[in-house]
Each structure stands twice: as C-alpha cells, then as structure tokens.
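Read the structure below first, then the notes.
Letters A, B, ... are given to chains in the order of the sequence lines, protein chains preceding strands, and every chain is numbered from 1. Just the heavy atoms: all of them, side chains too, but no hydrogens, waters or symmetry mates, feed the values below.
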Amino acid sequence: MNVLIIISILALVVLYLGLYKAKSALVPVTVLGLAGAAVAAIAEWNSNASPIFSGMMLFDNFAVAFSVITILSTLLIVLLSKDYFDRISEHVAEYYAIILFALAGVVVMVSYHNLTMLFIGIEIMSVASYILAGIRKKDIASNEAALKYFLMGAFSTGFLLFGITFLYGATGSFDLEGIKQYLISNPTEVSILFYAGIILAAIGLLFKVGAAPFHFWTPDVYDGAPTLITTFMSTVVKTAGFAAFLRLFATCFAPLQEFWMPVLLVVTVITLFIGNITALYQHSFKRMLAYSSISHAGYMLFAIVALGANSGNAVFLYATAYSVASIIAFGALILVKRVTGSDNFDSFNGLAKTNPYLAFTVTVAMLSLAGIPLTAGFMGKFMMFSSALSDYHVYLVVLAVINAVIGIFYYLRVIVAMYFKESDRAKVAVSPYFNVVLGISALVTIILGLFPALVSNLL
Amino acid sequence: MGLSLFYFVAFLSVFFALLVIFSKNPVHSVLYLIVTFFTFTIHYILLNAQFLAVVNFIVYMGAIMVLFLFVLMLLNLNKETEPMKSNLLKVAGVIAGMCLLVTIAGSVKALDVSDPLVLKDPGIGLVKNLGKVLFSDFLLPFEISSILLLTAMVGAVLLAKRDTKHA
Amino acid sequence: METVTQTIQSVPLNHYILFSTVIFAIGVMGVLIRRNAIVIFMSIELMLNAINLLLTAFSAYRGDAAGQVFVFFIMALAAAEVAVGLAIIVMVFRNTQSVDINVLNRLKW
Amino acid sequence: MINLVWLVPLLPLIGFLINGLGRNVLSKSLVGLVGCLSVLASFAISVGIFVELNASETKSFIVPVFDWITAGTLSVPFNFLVDPLSSIMLLIVTGIGFLIHVYSTGYMHDDAGFAKFFSYLNLFVFFMLLLVLGSNYVVMFIGWEGVGLCSYLLIGFWFTNTSYAQAAKKAFVMNRIGDLGFLIAVFLIFNTFGSLEFAKIFPQAASMVTGDSTLLLITILLFIAATGKSAQIPLFTWLPDAMAGPTPVSALIHAATMVTAGIYMITRSNILFTLSPVTMDLVAVIGLVTAILAACIALTQNDIKKVLAYSTVSQLGYMFLGLGVGAYTGAFFHVITHAFFKALLFLGAGSVIHAMSNEQDMRNMGGLKKSLPTTFFTMLMGTIAISGLPPFSGFFSKDEILAHAYEHNKILWVVGVIGAMLTAFYMFRMMFLTFWGGFRGTKEQEHHLHESPKSMTIPLIVLAVLSVAGGFIGVPAALGGSHWLASFLAPVLTPSVQKLGEFHLDHTTEYILMAVSVGGAVAAAIFAYVKYVKGADVPVRDGGERGALANLSYNKFYVDELYAAVIQRPLDALSGFFFKVVDRMGIDGIVNGFGRGASEASKSLRLLQTGNVGFYIFMMVIGIAAIIVYSFYKIY
Amino acid sequence: MDILLLIFLPLLGALLFPFAKTQGVKYGALVLSVISLLHSVSLLTRFTPDASTQFLVDYVWIEQLGIHFKAGIDGISMVLVLLTNLLIPIIILAAWKHDYKNPGAFYALIAFMQAGLLLVFTALDAFLFYIGWEAALIPIYFICGSWGGENRIWVNLKFFIYTIAGSLIMLVAIIYAYLQTPGNSYDIAQFYQLNLDATTQGWIFWAFFLAFAIKMPVFPFHTWQPDTYTAAPTAGTMLLSGIMLKMGIYGVIRWLIPVAPLGFAEWGQTAMVLSIIGIVYASIIAFTQKDAKRLVAYSSIAHVGLIAAGIFAWNQQGLQGAMIQMLNHGINVVGLFFALDIISRRLNTREIAEMGGIAKVAPKFAITFLIVLLGTVALPITNGFIGEFLLLLGVYNYNLWASIIAGLTIILGAVYMFRMYQHIMLGVTNERTLLFRDIDGTEKAVLFIICALVLAIGIYPQPVLNISEAAVANLIEQVNGKLLNAKF
C-alpha cells in the first residue's frame, strides 16, 4: 500500500517540479523516490499480508516481488531517460509523471484482490501508455503508434470488461475470494456465464500481454513509440500484464484448468511461431525486438498453461531476465541510433571495435534473450520447460525448442554484426548513466544465470 | 406490459445503435449515439438504477458526446468526408460481428437464469445506497480512479496542446 | 416509482444478456466497418454502454450494489479514455489532416 | 644365445636410428659401416641361434620382451618365437640383407640420399625380423605392415619422379588390401581360439576336423593377405612397378625377403591350411596361374628389371603351388634358393645398369660379356639356377614342388613344367640380349662401360656360390640325399604331415619327372639361343609391329588398365557423386532447407502485419470468435 | 578441490587475458595451460585406476531444482581430461606464429572453452553437463567467427544453430529424465537408476543421440563439419576436431547408453549402421577433395565413425579402443591440421594441386608429417593402430560383416592419405613450393611433441589402456545387468 502512495505522491511532486522548471532535479528525485518505493515494498516482504480495504488489495509476497522488479526496471529506464526526453520537448516533467502514474497502475495490477482494482490498474497503465506512445507529437510514426495502441487497447478493454461482467453475473462478486468461493461451493454446475467470463477476461489479458492473435498492436506500437517508451512497455508493462494474468488465473480459475488450458495452449504455440518466425526477416533491430517480445510472451504463457506451485517463480525469473536484457538491448539501440540515425541491424556493424564494453553488454543481453546457458534468460526458459514438462506437455516443449532455435538465429545476427562485420563507424559516445545501467543489467543477467536461486524460489 | 415496454426500448436502442454505425456522416453518428444513450437511460430507470440513469444522462450524453461533437466540429469533419470501406470489408466486418454475436449469445444461451429478474432490493440503485457502498467497500478504487483521471488530464493536455519546440 | 419496479418484474435476465450482447456486437461491427477513428471510438463507447447495462441488470438481479458501482467506475474510465483518445486523434489530425485509420499504415511488416 | 634373440631386430633398429638421426652429420663411409655392421652383427647372432637350436632338444623357444596390449580378454604379449622356421628365415634375412648392404655401399655411392637409404634399409631389416620372429599374429602383423611401409619408402626413394611416387603408393595400398584380410583373420582366430599366440592356436587347431568352415574362412583371409604381400593374382601388379626403387631394394625386398613373407606366414600356420583343403586347392591354382601369367608377361619385356620382377612373381607362384599341394618344405626350400639366385640376378642386373649408366632397356645393351666378366659369369650361374638345371639350387627346390604337384594332380604338374620352360626361355633371352651379340647402346655409354667395384662384385660372387650349392641342403631321397631341410623343419610341420600323410612317389617316376622338366628347360634355353644369338633377333622398338599375342604379353595383359577401369575410376566418380550430389545437394540441402524454409515462412508471415488497424481488429475478432467456439465446443 | 582447481584455473585465464592488448599474452596463455597440464598429470599420479570416481566434489547449486555442482573423475573422464589439457598447450603453441589480432580475446576464449570442456568431462550432474556442453560451444563460435576464413559468418551460424538445436533436444530429454527420478535430481547416479519403459527410453536415446551425433559428427548429421573446419582458423579447427567432438563420444559413453539402455538395445543397431555408413561414405568423399583441410575434415568424419561404431558394439575391446582412439585421434588430427596450417601459411593456398615436392626442400617437415600420417592410417607401432585394432576387434565381436565394412577404412584411409601426401610432399617442386622453408622453432617443437606421442602410445599403449580399463568394464557390467533385468 505504501508503495502505491509513495509513487503517486512522487508523481505529483514531479509535476510540481515541472511547474517550477526544476528540470535538473527531475531524475534524481524520481530515482530517489523509486528507490524509496522499492524499499517500502521490500519492507512488506513476508508480512503475511491479508486483503486490505475490504478485500480490494492484497500486498503479498507475489505483489512485493513483482512491484519491486517493475519499480527497479522503471528506475533503470529513468536513468536512461536523462537527456533523452529533452530531445523531444521541454515539458519533460509530465513524461516522468506519466511514467510514474503508469507504474502506480502497475503496482495496482500486481497487488489487486478485486476485479475492480484489476480493471482500474490496467486502465491507468494503458491510458498512460497510450499517452507515452505518442509523446513525439510531430513524429507520424509516434502518432500512428499512439492511435493504434489506443484504439485496439480500448477495444480489448471492452472484452475484458465484458468478461468481468459475466463473472460478476455468475458469481455476484468482484472479489477474487468470492469468485474462488463460488467455484468451491458449487464445483459441479458452474454457470455457463462463468465460462464465458473466463474466456473473455482471458482475451482481454492476452491482448495486454501481446499474445497471438491479439499481438498485432505490439510490433507497430513498439516500433513507432520512442525507443525509451518501448523499453518501458516491453519490460514493465509486459511484466505487470503477466503478473495480473497469473494472479487471476492462479487464484480463481485454477480448478477449471482443463477448460481453459487447451485454449491457452493453442494460443501459446501460435504466439511462439508468429513471434519467432516473423522476427527472422526483420531488418530493423527495434522491430525484431518487438516480435521477439511476442515470442517471449509465448514462453511466459508456459507458466500459466502449466499452472502450478512454481508458476509464480518461473514467471518472475523469466520476467526479470527478459526485462534486464531488453533494457540493455534498447539502451544500446538508443545510443547506436544517435550515431547512425537508423535502427537497422547494420547500424551495429563493427561495434565491438569501437565500443567493446557496449558490444559485450549487448552480447550478454542477446545470449540471454536467446536462452544460452550461463545467462538469466536460459534459466528462465529452463524453468518454463521444466514446469511444462512436469505437466507432460512434451509436444509443447518440443515446439518451443524449435522456436528457441529460430530465435537464436536472429539474436545472433546482432552479435555477427557487432563482432564479425566491419564498418568505419564513429565511436559511440556513452554517457556514464548508460554505462552504469547497462553494466548493472549485464551483471544481473550473468549473476541470475549462475545463481537463479536468488530469485527463483521467492514465491 | 412491462415486457413489451422493455422490448420497445430495446428495439429503439438497437435501431439507433445500427444507425450510429451505418450513417455516413460522423455528426449524424454522434447524434444517433446520443439518442441511443438516451434509450439506455430509460433502461436504467426501468431497472430503478436512478443514480446511474442520472450520471449516464449527464456524463455521457452531456459531457462525452458533446466532446465528440466538439472535436468533430473542430476538425470540421461534419460531412461525408470519410471514404467508406469497400463493401467486401464491410460485409466481412458485419459477418465477423455476427459471428461474435452468435458465439457469445450461443455461449450464454443455455442459461438457467430465464426466471424473471426480480428486484430483490429496489433501493440499491438509489444515490444514498450507492454512496454507502462506494465510500465503504469501494473507497480504494474510488481514490485510485483519481490517478486515472489525473493521468488522462495531464496526457490530454500534453498531447493536444500545440508544442512550440520542434522535435 | 412503484410502477417502475413492477414493470420490470416480468423481464427475464436472459433478455438483458442477449440485448446487451447485441449492442456489444453492434459496437464491434462499428469498429470493424468504419474507417473514421472518431466513429470507431464511438462504437467502442457503444460497447462499453452495453456492458454498463448488463452490469446494472446483474446488480439488480442479485440485489447487490457493487455492480452499479462498477458501472460508475467504467464511466470514469470512459471519460478518461475520451479525453486521451480525442487528444490523440486531434494530434494525429494535425500531422496527417485526416482521421482515416487507413491513412496510418506506415508501420507494417 | 637364443635368449639374446631380441638383439637381432634391435641392432638394425639402432643402425636405423643412428643413420636416420645422423644422416646430415655422419660421413658416407661411416654410414655404410654402421648399416652393414649392425646387420652383420645380427647375422652373427642368428648363426649362433641357428647352431644352438640345431643342437638343442626342444625346437621351439618363446622369448618374452614386454606386455603390449591388454583389453578385456584380449592380451597381446610382445614375444619372440625361435624355432627352425624362424631361425632359417633369420639367416636369410640377415645374411642376404648384409650382402645387399655391402653391395649398396657401392651401388648407391653417388646418391645424395645415401644415409637415408641405409637407414631405410636397416629399418626394413628390423621389421622383417619382427615379422619372422613374432610369436603371435599381431607381432607378425607389425612386421607385416612395417615392411610394407619400408617398401613404400624405398620404392619412392627417388620421390621427385612422380611415377615412382605413384608406384610406391600403389604398392602400399595393394598391400593394405591384403592387410585388411590379415586383420579380420586375426579377429576370427582370436574369437575362435581365444588367443593369438601360435603356441596356443596350433595345438587347438590340430584337434579340429578337416574342412571346418571357420578355418576355411580364416585361411582364405590369410591367403588374401599373402596374395597382397607376395604379389599373387589378383594383387600382383604392384611388384613390377616396385622396380622403381633402387636395384638393391628390388633385390632385398622384392625378391629375397619381403615378398616371401606370404609363404612364410602360410608355412607358419600350415596346420590351419592343411585342415581346409578347399583353400589349399585355391592356393595351388592361384599360384600356378600367377606363375604362368607372369612368365608369359616376362617373355616380351625389355626392361631388364621388369623381366626379373615378373620372374619373381612367377617363382612366387611356384611357391604357392607348392604350399597348395602340401609341399611346405618344398615351398620353403624354394624360398631359400630363390632368395639366393633372385637376389643374385637382381644385383647383377643392378651392376649392369650401373655400368650402362642407368640404362635398363635391354634393346640398348648387348655384348657385355667382355666388359663385365664377373657380372656376366655370376648372372649366368643365377640364370641356370632359376632355370632349374641340375645340380644348381633351383633344380632341387623346383623339382620338389613339381613332384608334389604331380602327386597331387597331374594337370598341375604339366602346367608347372610348361611354366618352367617359359622361365628358362625368358631368363636366357635376358642373358643373350644383355651379354651376347654386339653393343647396341650409345657411344658414350660404350665409353663408360666398366666392371663394378669390389663392394658390388663380392656379394655377387658369394650369392653365385650359394645359388650353385644352396640346393644341397635339400637333396631328395631319390637322388640319394637325406633332405636335411625337411628333417630340420619337421617339428614345425609334423602336424600337417600327419594329416596329409607321407609323400611317396617311386623313384623311377621321380626320375622321369626330373628328366622331363630339365629337358624342357634345356630345350627352351636352346630355342632362346637360336632366336637371339644365332638369329640376332632384337625386340622391336616401341610402337613397332608385334603379333597379337606378343602385344598382349608386352602390355601385361592390360591388367593395370583393367583395374583402373573397374575399380579406381568408378571409385573416384563415386567420390565426386557423393560429394557434389549426395552431400552438398542432398543432405546439406535438406539441412539448409530448414533455414531457407523458415526465412521463406518469415517473408510471407510478416505480410500479415499489414499496418491497418481495421485489419488487425478484424483478425482479433476472428480470433476471439474462434477461441469461443473452440472452448465451448468442448463443453457442449 | 582438485576438480575445482582443474575447472577454474582456465576460467581465471579467461577473466584475465581480455585485458591484455599485446601478443605477449600468449606466453601467459601457454604458462597457464602448462600449469593445468601439470596439474592434471599430478591428478593422474594420484589416480588409482579402478572403477571408482575420485576427486569427487558435490555442492548444492540450485536447491529447489535439485541441481548440484557435482563433478568427479573416473577412468573414462581421466583420459579425456588428459587429452584436453595435453592438447590445449599444443594448440596454443601451434597458434604461436599466427599473431592473431586482438590476442587477449583469442586466448581468453580458448581458456574459457577449456573450462567448459573440462566441465563436460567431469560433470556428474546432468544439468552441469549441459552447462559445460554449451559453455564449450559459445567460445568456439566466437573464435571461428572472429578469426576464421571466407564465408565464416554463414558457416558458423549454421554450425552453431545446428549444434544448439541438437543440444536443446537433449535438454528436453534431460529435464524429462529428471522429472522421472524419484528424488527429482539431476545426479547421474539417479539417472542410472531410472527404470523407464522401452519406448520412453527409445525417445530419450534419440534425443541424446541427436545432440551427440551432431557434435561428433555421425553421418548424416555431418554436413556442418567440413565447412566449419575449412572456414575456421587453424586453432579453432584443432579445438573442434581435437577435443570438442570428443564431447559427443564421451556423451555417448557416459550418458546415452547407460541412461537409456533399453533404447540402446532397440536402436543401437541403427546407430551402428549410421556410424559404419559414415566411415565408408566420408572416406570415399575424401578421395577427390582438392582442399587439403577439407580432405582431413572428411577423414575425421570417417575416423570418428569408427570410434562410434566401436562404442555401439558395446564390449570391452570396442570401448577401450574408443577410449584410446579418442586420445590418438585428438593428437593425430591436431598434428595433421597443424602440418596443413604450416603449408598454407607458407604457400597461401590449401589447393593440393598447387603443391608438390615439398619433401625435397623440407625433409624434417616431410618426416614428421609422414609420421603423423602413418598414425592416422593406423600403421602398427603408431598410436592409430592400437585404437583401430581394438575398435575393429570390438566391432568384429559385434558382427563380422560390420567389421569388414568398417575395416575398409584401413584401405580407403591409406588411399586418400597417401594420395594427399604424394601430391603435397612428393613429386617435383614447383615455383610455389621451391622456396618452402623447413619447420623451425615452435613448429618443430609442436610436430616433434606430436610425433613423440604418436610413437610412444603406439609402442607402449598399456599405461593409457590401464587408466580406463576398470571403469569401462564396470560401465559395461552395469548396462548389461540392466539389459538382463529388462529381459526377465
């Protein structure tokens, strides 16, 4: 709860800073505030929490873990935003404020205990994202991204709400506990409305996490939005989406697994293939990452398909690995794009010569995304595969392996470009902020690759 | 008689809703939409959800729709500027929508709740009652929705405002 | 007031579900067949209202106020979305002089 | 003395190491000294061993050296076996080896690779001794392949000449074919007898029934090995080409010792062969056919060394004939005598070539008796010996073989005699063309003509003496002899002898047989004299007219061409096909196909992302409808 | 502790070398590799050649998944550890004269790879094994990609993805087996106790076999290999052919057959047939190769095929032959590639047709090259003979005809090897080869060391055989026992 308060107040503070033109203070304040929020969140660890505000919110370890990881990712992104927003306009304060609002929404999403909260959280986050996607007002790509995201987002919200309505109609309650009780009390004759509700709600959530066939917004929006915002969306927003997804299904719908699991299974497979195969042929690094994020959504869905005690851990580890890796990738992209002006693969050519450190971090990120051992990404995939196999989804895993192989192909393209291709490029100027962020992220990736236990058995 | 009344109003809603999506001129769409919403208000009244009826009347028909209208005028789209989609796509769209309708409806068709909808507690729809619930159980969401609105406000300003600096 | 509460007694809940589903579907169709961003948006509003009505019906059926409160939140959301959405549309219109979604397909493949 | 046997191979090895490592520092004389002495020393020891063995009661000693391979039940000790057979081979290898070393000091004197030559020669002796001394098939196999390697090195001694290098490779590969047979045979033996030690195998074998199928397979495989090493059909073509090596090499390796390894190996495992008559007949027939075929080819060859080479092949054929008909003693006897006179002939030829300044074509020789008396005389001895005229050594050995052949099967004998006649003819042809008539070479060749140095002539003389007198170690009873060799080898051969039964042929028959073969030989010699001395006939130049048969013989019955066409070219073609079609297009094509398929799929799948929101939402709705249908299809 | 030192000593180098910018780093690399060689020798001296696993370390790594850092050395591992630590210094010496650009990274990658290989050869935990498996792959990819020859990028991409594909399938099998173990553990002992039905074991067999077959490579999974060997820098080729492919063979011995004996019982014959086809197929292809490096690459496929055949024969001789032949093949193939590297560095070509008569101008080189060659064609008293003799004997005990066909390698090998030798070294010298310098300095050192090893093992192999004897016997015992139980 305190986390939410801190973040909201922080947002207002930032707005005021903007009002008084205290630009230089923005980043430090935000960073400090976020750090405080993180601390506040950690403080609630293992406080065997019970639902508060008449069951609106439950700040359990699950919530703590996910809010911490999202807050920290945001923190890293904010560090990268130094001198990024200034290039867009002078009203940077609002950007930070909106990011923080989105983060507040995220915190709500990961800690909700009532569909109302879920709904509001999602909406805060989405609305903020619509705005952020469009902050390059003169850039048509940015506009297009914003409009597409908005229209499709609003559309999918409709389905989410429809689903919630049906659930309410079936159970007469928005409270997760109540819904659970409904299932427990009459397991045999579950109202047909309830099934419809599950499906429609799932559709709404699948859209938010960008799973096929509701993924269409992802590439265009990620591609059109300013890179830093893409980073935010592909890390924080996605993580939150999965947290919410998992919380809802693990808490309420677990008993009906044999009903919704096949659907999600199919969705997962389609998502994997569409994401990976389409990513193969991209020339734009950014767009490749967008598609790859779809495929990663597919991998994360494993945890929900094979819903079990370990799913939370699996998703958490995977989300963490994926977030830090993406932050590196997009961060490097920002830098490279400043020099070459394009976000194609070729703009990475010969990076290893000019910026070995940068190249190394990107390599780590790519290996992690590709799921090569000794990186966090591998452990994430490993746990996903394990949980899927433990439910005897052997074919699913084999398909996933095929996709992993395809994935390696396009992640390696970056490495090939950086190390094996020559180009007379200028040395990319890297600000200390970037060095720090990329360094930390790479470090986290490797450490988690070596000792996943640090995060993999929290929940 | 109640049933027939419901059917009548429902028919009106559907009719105007269709007009909304099929009328060429956006402005007409808006106006039809307003009418549709009015029929909804009647529905609320029938359900004795007086508060919602009022809010719907004021917020939707009053604020939101006017905002739409305003924007349309601002962008001066008050004529058939919009090139309609090719009929093929239209048909496809309609079919898809119908599919959806059929599937959803079908999915809830075999419903046990065909028993008439009895107002167990006619009072729930009243402001007093809702206020209680809203400020007791739903206090937190209520507060948080303020963040939503604030976000929207800031964002709207941020985006709609003409930016002096070019980027 | 009494009459009102009487009139409704005879309407089965199914009809409400069916009715709002129809409206919802009409909204979806609107989204599908129109190219004017604003009209699409209006169709979405139509969908939301269908949901509102259904929620109210359920809440009335169950005699539970939560549903109607939820409708209240949905309306809040609608307001927020309208603000942001229209702002975005205006912004787009400034750059492209159009609100036709087919114009905006630079981002593809 | 016998337990010093490990010194016998060791000394040449040391010689090899000294000459090999010091080839750039040591002086030629020193190198020669080291080379000769090392072999001489082992010869001395061999003599000692021979004497001791002759004296001692037990005729078989096993001298362990070290434990070589052990894996599971397989255990291969590195042991030496000293028995009559090996002791005699020791004498031949080291003795003739020594003479040829001495000869080489003279023959190779002006060659740049003098030291290299001697080191190789020593290495060869080492391996040959391993082959002879090995107490089990694996050690024998080491020598077996080792001599192959040395022959490769020595044939390719002048490797800058591409065709020589080619010949060397050919020799090695053809030997390898035989070696595979040997290897498989070894496996079979191991798995049949559970051991590879001769001492363990033969007793077991002796108790097996005649015509046992496993033994048949084993012996066939061993015989294949022998055909490779001893240049029998079908693997004989490498030997004539092997003449590319320096002449001493031809004398030592390709006449006296290595090529007889096959006969030695079969004699060694005689009991196995005795017990599989089918193989015996095969051996006899192959041997005979080879003998005739090679002899026919030799008739028309003009290269002096080629003549000798084919004659070697043919003589080896005789030996196999002997083995085939169960005349183990005879065959081995012929190995000995052949070692003497064929070494002699080769060295003589070498001396001629030396004198003719590396001219090998007999058509450019003639009338060399005057200028090369010693060479002429010694070679004459050799020729008479090989032609099988009494009392020269060749007579006794060849006659023993023929006698057994006669007893075994008359036809074999008839053909054998014909072969003998051919031998006599082409050998005398060679002599007449070389030494009689007028000189046909160029002027400066004539000018350079000179008798070879002592270092070369002395070995010639020694060998001449041996070729003349060597036969007396095996005078048959018919001629009042006691056949010392037979009795000496008896311990090795008794099991077979018991199985085969004693050789009995009344003396009169034997006399007749001898008379016939000798008469035939003499007649052939006279015919040659008439043709080449009286008629002064000189073989036509290349491209000249030849009779069809002569042509066939001159072109070696086109065997090489046949092999090239049937084996080599198809294999190369197959290789190309496998590489280009199967590997590149086929398998690799499939592999790349996956990648290409994926990227094609990508190309088309990305088009789904049209960039049109309307389409996106349309797809979403379709998806939603599909999902709902799919999930509710299950409930209803 | 010894194991940790063994594995982390190279890692230390991998961490330090990148900061070195000069060629001087190669001295550091050499010293480090020699140290680890000495260390492994000291291990050997303290190693008692029985079936037991020694120098065992076992730490909990990821508790919740039952993953341990469990490693140890038994006879089988010992041979390969020796092989690795023996070849790495040789390879570093072989790269001595190249002065690769950016040497720090180069030697760091080699060291990293060494660590990965040692991990594979010592791991007693399936997960650890997999980690090492991939950890050895990544550096070689960078080595070949950064310092390789023409069209290296595509070739390496193919190689990497091909291999990864195989190993991911294996990962699935590993996880599956893990879930079947009673205590949910990756411990190899638990894996050995698995009692799955034949069908499942069949699947597991294939999953493992795919990974290993691609690595070795066994026909028809070999097509990446010639290209990669040809495009890679010599050091890379040596690492790949000398050590890396042994990972696959080791995997078959250590994991594939003992974990899925029934699968082996059902499919071993197929594997055997593939291996034998590979022998003849690759040898025949080698006949007409024009690029010397490619020729040796194909010959390597043939030899590995024979080793695989010997293993699938699954008897003492075959396995012992495989063990010693892994060592021999490593030594010989490194020697061959180094010889070819010397030639191509001197002549700037690998086209056999453009060479000839080198033996005339470079006798030392000619002799050493010949000795290595003889080792490869398995001439007695060279190391190759011991290996191939035992292997063929093993195959023979499996089936006569198999051994005859496999034995063709004796002939075919001689054909293409001597054909190559003849065209490169013998014949007349042309203007290109006329100025060929004879070997000197490190070249001499490397080739002499290799020749010494070739002859030493060939003349007295027993010590090497003794190392693995007991372990191999024990393994066979155990598997055959399980097969018997399955029957009744």
When the 4.5 angstrom heavy-atom criterion is applied to C:Ala66 and chain B, the contacting part is both

Bottom line for C:Leu55: the part with an atom under 4.5 Å from chain B's heavy atoms is neither

Taken to the nearest 0.5 Å, the spacing of C:Leu77 CG from B:Leu149 CG works out to 9.0 Å

Whatever's closer than 4.5 Å to a heavy atom in chain C on B:Ala63 counts as neither

Rounding to 0.5 Å, atoms CD1 (C:Ile89) and CZ (B:Phe68) come to a distance of 7.0 Å

To the nearest 0.5 Å, atom CG of B:Leu130 lies from atom CD of C:Gln68 at 5.0 Å

Pair count under 4.5 Å, heavy atoms only, with chain B: among C:Ala25, C:Gly27, C:Ala79, C:Ser43, highest is C:Ala25

In short, C:Met42 meets B:Leu33 closest at the heavy-atom pair CB-CD2, 3.7 Å

Honestly, the part of B:Thr36 sitting under 4.5 Å from a heavy atom of chain C is side chain

If one checks every heavy atom of C:Ser98 against chain B at 4.5 Å, the contacting part turns out to be neither

**Item:** Any side-chain heavy-atom pair of B:Leu52 and C:Thr56 under 4.5 Å
**Value:** yes

Smallest heavy-atom separation, B:Ile21 atom then C:Gly30 atom, equals CG2-CA, 3.5 Å

Answer yes or no: is there a side-chain heavy-atom contact under 4.5 Å between C:Asn52 and B:Tyr60? yes

Margin query: Less than 3.5 Å apart, any donor N or O on the side chain of C:His15 or B:Tyr7 sitting next to an acceptor on the other?
Written below: yes

Looking only at heavy atoms, the pair that brings C:Met29 and B:Met98 closest together is CE-CE, 3.6 Å

In this structure, CG of C:Leu32 is separated from CD1 of B:Ile95 (nearest 0.5 Å) by 11.0 Å

Closest non-hydrogen contact found for C:Leu53 with B:His43 is CD1-CB, 3.5 Å

Rounding to 0.5 Å, atoms CG (B:Leu72) and CD1 (C:Ile38) come to a distance of 4.0 Å

Residue from C:Asp64, C:Ile88, C:Val69, C:Ile40 scoring the most non-hydrogen pairs under 4.5 Å with chain B is C:Val69

Does the separation of the ring centres of B:Phe138 and C:Phe72 fall below 6.0 angstrom? no

**Asked** Mind checking whether C:Tyr16 and B:Phe6 have parallel, tilted or perpendicular rings, split at 30° and 60°?
**Response** tilted

Here the pair of heavy atoms bringing C:Arg34 nearest to B:Ser23 is NH1-O, 2.9 Å

Applying a strict 4.5 Å limit to non-hydrogen atoms, the region of B:Ser13 in contact with chain C is both

When the 4.5 angstrom heavy-atom criterion is applied to B:Val30 and chain C, the contacting part is both

* Show your reasoning for whether side chain to side chain contact (heavy atoms under 4.5 Å, CB included) applies to B:Leu134 and C:Phe73. => CA-CA 10 Å; B:Leu134 184 56; C:Phe73 287 121; 3.8 Å; yes

Comparing C:Ile23, C:Val90, C:Val28, C:Val84 against chain B, the one with the most heavy-atom pairs below 4.5 Å turns out to be C:Ile23

Residue from B:Val55, B:Leu67, B:Val59 scoring the most non-hydrogen pairs under 4.5 Å with chain C is B:Leu67

Heaviest contributor of heavy-atom pairs below 4.5 Å to chain B, chosen from C:Ile26, C:Val22, C:Val82, is C:Ile26

*Worked verdict on C:Ile33 versus B:Phe22 for side chain to side chain contact (heavy atoms under 4.5 Å, CB included)*: CA-CA 9 Å; C:Ile33 64 175; B:Phe22 284 122; 3.3 Å; yes

query = Taking the side chain as C-beta and beyond, is there a heavy-atom pair between C:Asn49 and B:Asn56 under 4.5 Å?
reply = yes

Distance col, row C:Tyr61:OH vs B:Leu47:CG, nearest 0.5 angstrom, shows 14.0 Å

Turns out that what part of B:Phe70 lies under 4.5 Å from chain C's heavy atoms comes down to neither

